A.B. asks: 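One structure coming up, written as structure tokens, with questions to follow.
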Amino acid sequence: MRAFASLLSMLLATPLSGCVVMRGPVAPQRARNAAPASGLMGEADEIIAALGSGQLDRMVDRMTPRLREHLPVTTLHAATEQLREAYGTPKGIMEEQLQKEGALTWYSALVVYSAPKRASNGRDVLTPVLVQFALTPDRRMERLLVREHWYIEDLRAPAERYVPVTRFHVPASGAWTLSAGGPTRELNAHHGSESQRFAYDLVLVRDGKFRRPGDDPNTNEAYYGYGQPLRAPASGTVLRVVDGIPDNLPPTRGKAGGNGLVIDHGFGEVSSMWHARPGSLRVSVGDRVEAGQTVAEVGNSSRSTGAHIHIHVTHGDGGIALPAPLVDVAVDGQGQDHALPIKGQRVEALAPLSAPEITAGPRIFLDV
């Protein structure tokens with residue numbers, strides 16, 4: 001966990017590759033119809049108002065001792081001043097979600113900020129700003145992130161520098177090794193797919209092997225990962241479930257994704273997990289799932305030659321691929337807030353379920 005607040009002093013002067021920042025008269029209509037107050041958490045209105053006005057006393061009183069230690073009041077004031085100078089003041093909440101992570105309750109909202117008459121046609125410029133914080137059971141603020149966001153509807157592939165709102169966790173317990181993942185074709189077999197460009201494939205490796213020595217290599221049970229719990233990477237609503245497709249017998253390879261599920265996490269962000277064991281799906285379409293909840297078991301169905309987890313994130317179900325940094329994760333044993341792991345690295349969720357900073361990404365005002 002970073003022990004400081006991130007303040008990027010320079011606003012990006014040009015749109016990011018794969019991302020278009022749409023503001024003012026071309027902003028989506030839902031930004032203009034943003035809700036004036038939170039419908040999920042009363043504390044959110046207080047915190048959003050404090051960030052917008054610079055009147056921070058009540059917000060500071062709500063912080064845990066750890067957050068106060070790592071976020072000096074002078075830093076908090078400086079960040080809120082930069083936020084107002086860059087984007088104006090908050091006008092409403094475009095979308096909001098809650099996520100349970102262990103003892104913490106995470107609130108995430110895209111808040112519409114309005115800068116009066118800065119557009120070329122004299123209309124107000126509207127900018128989405130992500131406000132994300134975590135509350136302890138006694139309603140104290142333990143974590144805080146405030147940063148620029150983009151209207152996801154305007155993304156074009158490849159959206160390489162998009163940073164999701166959703167906090168994605170390793171979708172399994174224990175240390176898993178990436179057999180595919182990373183920004184190049186050499187690291188990631190999915191790199192050429194518009195919808196799976198940033199996918200991860202994860203295998204369970206022990207003592208340098210992914211199957212038990214002495215076991216029949218043509219059985220799925222020989223693989224360490226087979227039958228392990230497959231967990232929801234973040235909270236959301238189940239959009240699609242596929243089950244009943246037989247597992248392959250290694251090293252036979254089937255076709256398509258096999259058994260699995262698709263989860264809508266809100267904010268236009270959707271995750272898909274495939275190759276699950278037949279008969280192991282524990283959820284149905286429309287179910288609400290929480291981060292870390294067991295939703296299936298790892299299998300070897302369809303385009304797979306051995307038990308593993310495939311996960312990728314898209315804009316909507318089947319849309320363009322989105323990067324999916326993993327949060328609160330140990331990568332090769334080193335704890336990180338956010339990480340984009342690559343092929344060959346080991347990843348493990350830090351317990352309990354609760355960001356390296358992405359260079360040239362969105363402007364971050366606070367992240368502690």
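Everything quoted here is computed from the prediction, not taken from an experiment.
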A.B. asks: Is there side-chain contact between Pro164 and Leu322, with heavy atoms separated by less than 4.5 Å?
C.D. replies: no

A.B. asks: Could you check if a side-chain atom of Trp274 sits within less than 4.5 angstrom of a side-chain atom of Gln196, using non-hydrogen atoms only?
C.D. replies: no

A.B. asks: Could you please spell out the steps behind the side-chain hydrogen bond (donor to acceptor under 3.5 Å, both in side chains) verdict for Ser271 and His265?
C.D. replies: CA-CA 8 Å; Ser271 68; His265 304 286; 2.7 Å; yes

A.B. asks: Which is it for Lys100 and Thr105 under the side chain to side chain contact (heavy atoms under 4.5 Å, CB included) test, yes or no, and what are the steps along the way?
C.D. replies: CA-CA 5 Å; Lys100 289 289 294 181; Thr105 299; 3.3 Å; yes

A.B. asks: Are any non-hydrogen side-chain atoms of Gln97 and Ser235 less than 4.5 angstrom apart?
C.D. replies: no

A.B. asks: For the pair Gln132 (side chain) and Val165 (backbone), establish whether a donor and an acceptor sit closer than 3.5 Å, ignoring hydrogens and angles.
C.D. replies: yes

A.B. asks: Quick check against the 3.5 Å criterion: does Glu95 have a side-chain atom that pairs as donor or acceptor with the backbone of Phe267?
C.D. replies: yes

A.B. asks: Between Glu160 and Arg197, is the closest basic N to carboxylate O distance under 4.0 Å?
C.D. replies: yes

A.B. asks: Is it true that atom CG of Asp61 has more than 12 heavy atoms of other residues, nucleotides or ligands lying nearer than 6.0 Å?
C.D. replies: yes

A.B. asks: Taking the six-membered ring where the residue is Trp, are the ring centres of His149 and Tyr162 under 6.0 Å apart?
C.D. replies: yes

A.B. asks: With a 4.5 Å cut-off on side-chain heavy atoms, are Thr177 and Arg346 touching?
C.D. replies: yes

A.B. asks: If hydrophobic clusters are built by linking Ile, Leu, Val, Met, Phe, Trp and Tyr wherever their side-chain heavy atoms come under 4.5 Å apart, do Leu326 and Leu340 end up in the same one?
C.D. replies: yes

A.B. asks: For Arg68, does the CZ atom sit with more than 12 other heavy atoms under 6.0 Å from it, leaving out its own atoms?
C.D. replies: yes

A.B. asks: Any ion pair linking Arg288 and Glu290 (charged N to carboxylate O, less than 4.0 Å)?
C.D. replies: yes

A.B. asks: Does Ile47 offer a backbone N or O that forms a donor-acceptor pair with the side chain of Arg62 under 3.5 Å?
C.D. replies: no

A.B. asks: Is there a side-chain contact between Met59 and Glu46, using heavy atoms and a 4.5 Å cut-off?
C.D. replies: no

A.B. asks: Which atoms form the tightest heavy-atom contact between Val242 and Gly258, and what is the distance?
C.D. replies: CG1-O, 3.4 Å

A.B. asks: Any link between Ile93 and Leu144 through a network of hydrophobic side chains (Ile, Leu, Val, Met, Phe, Trp, Tyr) touching at under 4.5 Å?
C.D. replies: yes

A.B. asks: If you take all heavy atoms of Ala34 and Met94, which pair is closest and at what distance?
C.D. replies: CB-N, 3.9 Å

A.B. asks: Under 4.5 Å between side-chain heavy atoms, hopping through other hydrophobics if needed: is there a path connecting Leu281 to Tyr226?
C.D. replies: no

A.B. asks: So, does Ser301 use its side chain to make a donor-acceptor pair with the main chain of Ala276 at under 3.5 Å?
C.D. replies: yes

A.B. asks: Can you confirm whether Leu104 sits close enough to Thr136 that some side-chain heavy atom of one is under 4.5 Å from a side-chain heavy atom of the other?
C.D. replies: yes

A.B. asks: Should Val203 and Leu178 be regarded as members of a common hydrophobic cluster, given that ILVMFWY residues are connected when their side-chain heavy atoms come within less than 4.5 Å of each other, either directly or indirectly?
C.D. replies: no

A.B. asks: Of Arg58, Met141, Arg139, which meets side chain to side chain contact (heavy atoms under 4.5 Å, CB included) against Glu43?
C.D. replies: Arg139

A.B. asks: Applying side-chain hydrogen bond (donor to acceptor under 3.5 Å, both in side chains), run through Ser173 and Arg231 and close with a yes or a no.
C.D. replies: CA-CA 8 Å; Ser173 298; Arg231 304 187 184 279; 2.8 Å; yes

A.B. asks: Just do the side chain to side chain contact (heavy atoms under 4.5 Å, CB included) check on Tyr107 and Ser38 with the steps written out, would you?
C.D. replies: CA-CA 10 Å; Tyr107 173 86; Ser38 171; 3.9 Å; yes

A.B. asks: Please collect all side-chain hydrogen bond (donor to acceptor under 3.5 Å, both in side chains) contacts where either partner lies in residues 216-225, sequence neighbours excluded, each pair once.
C.D. replies: Asn220-Asn300

A.B. asks: Determine which pairs satisfy ring pair (Phe, Tyr, Trp, His ring centres under 6.0 Å) with at least one residue from residues 176-205, sequence neighbours left out, and list them in order.
C.D. replies: His190-His310

A.B. asks: Is there a continuous path of hydrophobic side-chain contacts, each under 4.5 Å between heavy atoms, that joins Leu239 to Val289?
C.D. replies: no

A.B. asks: If we check side chain to side chain contact (heavy atoms under 4.5 Å, CB included) with Phe168, which of these qualifies: Val329, Val313, Ile311?
C.D. replies: Val313

A.B. asks: Using the side chain to side chain contact (heavy atoms under 4.5 Å, CB included) rule, take Trp106 and Leu145 through it: C-alpha gap first, then chi angles, then the decisive distance, then the call.
C.D. replies: CA-CA 11 Å; Trp106 279 87; Leu145 167 66; 5.7 Å; no

A.B. asks: Pro217 and Pro250: which non-hydrogen atoms are nearest, and at how many Å?
C.D. replies: O-CB, 3.5 Å

A.B. asks: Side-chain contact test, heavy atoms from C-beta onward, threshold under 4.5 Å: evaluate it for Leu130 versus Leu110 and give yes or no.
C.D. replies: yes

A.B. asks: Would you please test Leu261 and Met273 for side chain to side chain contact (heavy atoms under 4.5 Å, CB included) and show each step?
C.D. replies: CA-CA 6 Å; Leu261 71 160; Met273 295 189 292; 4.0 Å; yes

A.B. asks: Compare every heavy atom of Ser304 with every heavy atom of Asn248, then report the nearest pair and how far apart it is.
C.D. replies: ND2-O, 2.8 Å

A.B. asks: To check you understand the geometry: which heavy-atom pair defines the closest contact between His169 and Ala291, and what is its length?
C.D. replies: CD2-CB, 4.3 Å

A.B. asks: Would you check, one step at a time, whether the test side-chain hydrogen bond (donor to acceptor under 3.5 Å, both in side chains) holds for Ser302 with Lys255?
C.D. replies: CA-CA 5 Å; Ser302 293; Lys255 297 180 179 180; over 6 Å; no

A.B. asks: Are the charged groups of Arg143 and Asp328 less than 4.0 angstrom apart, N to O?
C.D. replies: yes

A.B. asks: Minimum heavy-atom separation for Glu269 to Asp264, with atom names?
C.D. replies: O-OD1, 3.8 Å

A.B. asks: Are any non-hydrogen side-chain atoms of Tyr87 and Glu148 less than 4.5 angstrom apart?
C.D. replies: yes

